[in-house]
Amino acid sequence: MLKIAFLPGDGIGPEVIRAAVQVLDAAAGKFGFSYTSEWFDLGAERYLRTGETMPDKEFARLRDEFDCILLGAFGDPRVPTNIHAKDILLGLRQRLDLYVNLRPVKLVDARLCPLKDVGPSQLDMAIVRENTESLYVGIGGSFKPGTDDEVAQNVMIATRKGCDRLLKYAFELARARRGKLVLCDKANAIESAHGLWRKALKDMAPHYPDVKATTLYADVAAMRMVTHPHEFDVVVGDNMIGDILSDLAAALVGGLGLAPSASTHPGRTALYEPVHGSAPDIVGTGKANPLAAILSLGMLLRDFDYPAAADAIEEACARAVIAKAVTPDLGGTLTTDGVAAWIVAGL
Ligand code: ATP
């Protein structure tokens, strides 16, 4: 039986996770599966109360006792250092070695696309971002800070193992989609680290003759995503390039309120979360759009072999967008719970 940990977190996190759980319960009833779950009290409230962020005991339970985690958001103005978010979110990604960050980007309604004359059939891609390396490993520091001679340095890491395992995932995904993969990098400027990515791609491509694998400089990719979005199927990038391109792509299909994500490593507890943050400005107003969290739930169910439930959830979300049965950020008038109820009824 599927074992899910709910980590609602801060701000609008609990609101969107509650909405997603209503949809999960409806899907379980309709498609005849069951699951066990537990809610974890991790986040700013707990940190302010006890000083704890991610205790080892709870991390070990998440690692050993659950198939997956459905997470809301972390971030709270009362914790300006964001230490709890770093420990919980980055801690889970790093300690579970969740090297794949998958962000599907699919346009469901032309009204949400800021590009002219682009409809759903022209914008359907999957961004596969390396999630554990690159510039985000925290290696570096400052020398003579606060002086005119200040020097600041951050080190970019690329490992052959890291490139190979992510590319393998991306090739398999491309094979299951439209058979196109593009590696986006800055190999012209970052010759060693991004050169390694190109070498790994060149070595792996012959094993996937059915996938058309190409490379693009990331700056060119950013332009072509705007001018020729239909060219993109599976887009691969290191942690930094994937971070930037995935936000650009999300803006093409409706923005943060519609962007789901999965962070995975086969065989380990997988993490599903909406891309948006805790949005403290709209907490408690009913304006939090739950669709990104609900679509993250859809990704979870697809990965754990409930494709019919995942399809139904995805389709119900698309119908909600088209019918404007959405929150104000997408041009609707419903509340968070109203959207959840609409999706549940749609199932
Ligand atoms: P954090 O510090 O946790 O990243 P943030 O508010 O700085 O939070 P986001 O929450 O990612 O960053 O997004 C910025 C703004 O976008 C929010 O202040 C909010 O107004 C809007 N927003 C984000 N997510 C949603 C959502 N699910 N529904 C509606 N509006 C949203």
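Position 1 is the first residue of the sequence; numbering continues from there. Atoms within a ligand are numbered from 1 in the order they appear, just like the ligands themselves.
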Please enumerate all residues that pass ring pair (Phe, Tyr, Trp, His ring centres under 6.0 Å) together with Tyr208, with sequence neighbours excluded.
Phe171
In terms of heavy-atom contacts, does NZ of Lys106 have more than 12 from other residues, nucleotides or ligands at under 6.0 Å?
no
Please list, chain by chain and in numerical order, all residues satisfying ring pair (Phe, Tyr, Trp, His ring centres under 6.0 Å) with Tyr169, sequence neighbours excluded.
none
List for me each residue that meets ring pair (Phe, Tyr, Trp, His ring centres under 6.0 Å) alongside Tyr136, sequence neighbours excluded, and say none if there are none.
none
Which value, rounded to the nearest 0.5 Å, describes the distance between Lys287 atom NZ and Thr285 atom OG1?
5.0 Å
Identify whether the distance between the nearest side-chain nitrogen and carboxylate oxygen of Asp97 and Arg165 falls below 4.0 Å.
yes
Around ligand 1, what residues show up once you keep those with a heavy atom under 4.0 Å from it?
Ile12, Phe74, Gly75, Leu256, His276, Gly277, Ser278, Ala279, Pro280, Asp281, Ile282, Lys287, Ala288, Asn289, Asp329
